[in-house]
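Data first, discussion second: the structure below is written as structure tokens.
In what follows, chains are A, B, ... by sequence order, proteins preceding strands, each numbered from 1.
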2 protein chains.
Amino acid sequence: MKNNTLGSLIWLRITRFTHQSNLLSNEFLKQFDITTAQFDVLMQISTYEPITQSELAKKVTVTQGGISRMLTRLEKDGLIKRKQDWKIKTISLTNKGREKLINAFDAQLAFQSSFFEESLTEEEQKTLYSLMSRVQKNSEMKMSDR
Amino acid sequence: MKNNTLGSLIWLRITRFTHQSNLLSNEFLKQFDITTAQFDVLMQISTYEPITQSELAKKVTVTQGGISRMLTRLEKDGLIKRKQDWKIKTISLTNKGREKLINAFDAQLAFQSSFFEESLTEEEQKTLYSLMSRVQKNSEMKMSDR
DNA sequence: TTTTTACACTTGACTAATCAAGTGACTAAA
DNA sequence: TTTAGTCACTTGATTAGTCAAGTGTAAAAA
């Protein structure tokens with residue numbers, strides 16, 4: 001077993017950061033009685049509603065099965081509604097869901113941003129964004145040609 | 001709802017990348033009959049063995065409960081062994097676990113690195129590493145003072 | 001000596017995701 | 001008109017994690 005590569009060190013940092021910031025974010029969002037994953041889904045619905053489940057699944061990069069269960073939970077909490085239109089199901093926010101999202105939106109974005117604003121300058125954040133964009137696009141490409 | 005901040009855009013890229021690269025990595029590691037999370041744990045055990053469960057939990061940034069379940073799975077597969085020493089349990093690799101890790105190690109590190117090597121220059125990778133290190137350390141700090 | 005405290009670990013209830021097999025409804029070929 | 005196919009969605013089995021309450025053992029206090 002040879003030594004750690006630069007790439008594997010970056011990978012570890014990114015993985016750890018994602019895990020930690022997710023935990024902190026879930027803790028933060030508890031005041032709105034919502035999780036990070038749910039916030040993500042609600043955001044996408046509010047942007048694209050009315051939207052089908054399969055389209056939504058693609059937007060949040062989750063499988064059909066994953067989105068099905070997630071929506072079941074959100075529906076149970078009364079945040080979204082599914083309507084059987086023809087043979088597909090159309091998703092939209094309920095008033096309760098819309099309210100919850102509006103309440104959480106600014107706070108959550110500020111919270112997410114704080115991770116970077118606290119540790120990097122504006123210039124460095126721009127650099128990080130451009131580097132991560134390229135890395136992420138590359139992995140997206142790898143996903144599609146499987 | 002005001003517009004997206006720079007930080008929230010970075011956050012999205014990082015989150016998506018982590019999710020995608022994890023899926024791809026799990027797919028890749030199937031040839032070794034192991035998952036990304038398991039590889040991570042085996043790596044830490046091999047570096048620090050013999051190690052207690054609570055120490056290990058800290059190394060892989062997972063809760064006590066999480067590591068307990070993970071080790072149950074790894075033990076069931078015969079990759080690690082737990083020994084009740086005094087009142088604490090000491091974890092170490094079995095021969096099977098050590099072999100599996102040695103087999104997968106180089107390939108997995110090369111796989112992880114490929115994400116960055118394919119999309120960034122050596123110089124850019126160094127920049128990304130230094131930026132992500134600072135961001136991750138900041139989130140680690142936030143984790144500890146809760 | 002009994003009782004409390006502290007620590008290491010486990011477990012139950014839950015969220016969130018995967019894959020793969022299973023429904024249910026409409027569409028097109030036999 | 002029956003049959004086969006396709007598409008959108010659901011569901012069962014599994015992995016992986018959280019939190020919080022529970023268990024068992026050893027040391028310290030009563």
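Under a hydrophobic-cluster definition in which Ile, Leu, Val, Met, Phe, Trp and Tyr are linked whenever side-chain heavy atoms come within less than 4.5 Å, directly or via other members, A:L12 and B:L56 are assigned to different clusters.
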Trace of the side chain to side chain donor-acceptor pair (under 3.5 Å) decision for A:Q53 with A:R82: CA-CA 9 Å; A:Q53 289 199 192; A:R82 294 195 251 205; 2.8 Å; yes
Residue pair A:K59, A:T47: steps toward the side chain to side chain donor-acceptor pair (under 3.5 Å) verdict: CA-CA 11 Å; A:K59 298 281 181 201; A:T47 310; over 6 Å; no
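Note: CG (B:D33) to P (D:dT15) measures 11 Å, nearest angstrom. Rounding to whole angstrom units, CD1 of residue A:I91 and P of D:dC9 are separated by 7 Å. One can place CG of B:L71 at 11 Å from P of D:dG17, the figure rounded to the nearest angstrom. Nucleotide D:dG17 holds its C1' atom 13 Å from the CE atom of B:M143, rounded to whole Å. In this structure, A:I34 places its CD1 atom 14 Å from C1' of C:dT15, rounding to the nearest Å. The separation between B:E75 atom CD and C:dC9 atom P is 13 Å, rounded to whole Å. One can place CE of B:M70 at 16 Å from P of D:dT14, the figure rounded to the nearest angstrom. Rounded to whole Å, the distance from CG on B:L56 to C1' on C:dC9 is 13 Å.
Contact annotation: B:T63 does not reach the phosphate of D:dG17 (side-chain N/O to OP1 or OP2, under 4.0 Å). The side chain of B:R82 places an N or O atom within less than 4.0 Å of a non-bridging phosphate oxygen (OP1 or OP2) of C:dT10. A close approach under 4.0 Å does not occur between any side-chain nitrogen or oxygen of A:T52 and OP1 or OP2 of D:dA8. Residue B:T35 places at least one side-chain N or O under 4.0 Å from the OP1 or OP2 atom of D:dA16. An OP1 or OP2 oxygen of D:dA16 is reached within less than 4.0 angstrom by a side-chain nitrogen or oxygen of B:R73. At the phosphate of D:dC9, OP1 or OP2 sits under 4.0 Å from a side-chain N or O atom of A:S54. Proximity of A:Q64 to the phosphate of D:dC7: no side-chain N or O atom is located under 4.0 Å from OP1 or OP2.
Checking A:K76 against B:H19, the closest nucleotide of DNA chain C that is more toward the 5' end is the one next to A:K76. Checking B:T61 against A:R69, the closest nucleotide of DNA chain D that is more toward the 5' end is the one next to A:R69.
The pair B:K81-B:E49 fails the salt-bridge criterion, with no side-chain N (NZ, NE, NH1 or NH2) lying under 4.0 Å from an Asp/Glu carboxylate O.
In summary, the side chains of B:T35 and B:K30 do not present any donor paired with an acceptor at a separation below 3.5 Å, with no hydrogens or angles considered. With 3.5 Å as the limit, one finds a donor-acceptor pair spanning the side chains of A:S113 and B:T5. Residues B:T52 and B:E55 bring a donor and an acceptor atom of their side chains to less than 3.5 Å of each other.
From one end of the helix from C:dT1-D:dA30 to C:dA30-D:dT1 to the other, with five pairs defining each end axis, the axis direction shifts by 30° (rounded to 10°).
Candidate nucleotides D:dT18, D:dT10, C:dA16 were compared by shortest atom distance to the side chain of A:A37, and C:dA16 ranks first.
Backbone-only contact: B:Q53 has heavy atoms under 4.0 Å from sugar-phosphate atoms and none from a base.
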Would you list the atom pairs, donor with acceptor, under 3.5 Å between side chains in residues 17-26 of chain A and any protein atom, with sequence neighbours excluded?
unit_1 : atom_1 : unit_2 : atom_2 : d
A:T18  : OG1    : A:I14  : O      : 2.8
A:T18  : OG1    : B:T18  : OG1    : 3.0
A:H19  : ND1    : B:T61  : O      : 3.0
A:Q20  : OE1    : B:Q136 : NE2    : 3.4
A:Q20  : OE1    : B:S139 : OG     : 2.6
A:Q20  : NE2    : B:E140 : OE1    : 3.0
A:S21  : OG     : A:F17  : O      : 3.1
A:S21  : OG     : A:T18  : O      : 3.3
A:S25  : OG     : A:T36  : OG1    : 2.9
A:S25  : OG     : A:Q108 : NE2    : 3.2
A:N26  : OD1    : A:T36  : N      : 2.8
A:N26  : OD1    : A:T36  : OG1    : 2.8
A:N26  : ND2    : A:N22  : O      : 3.4

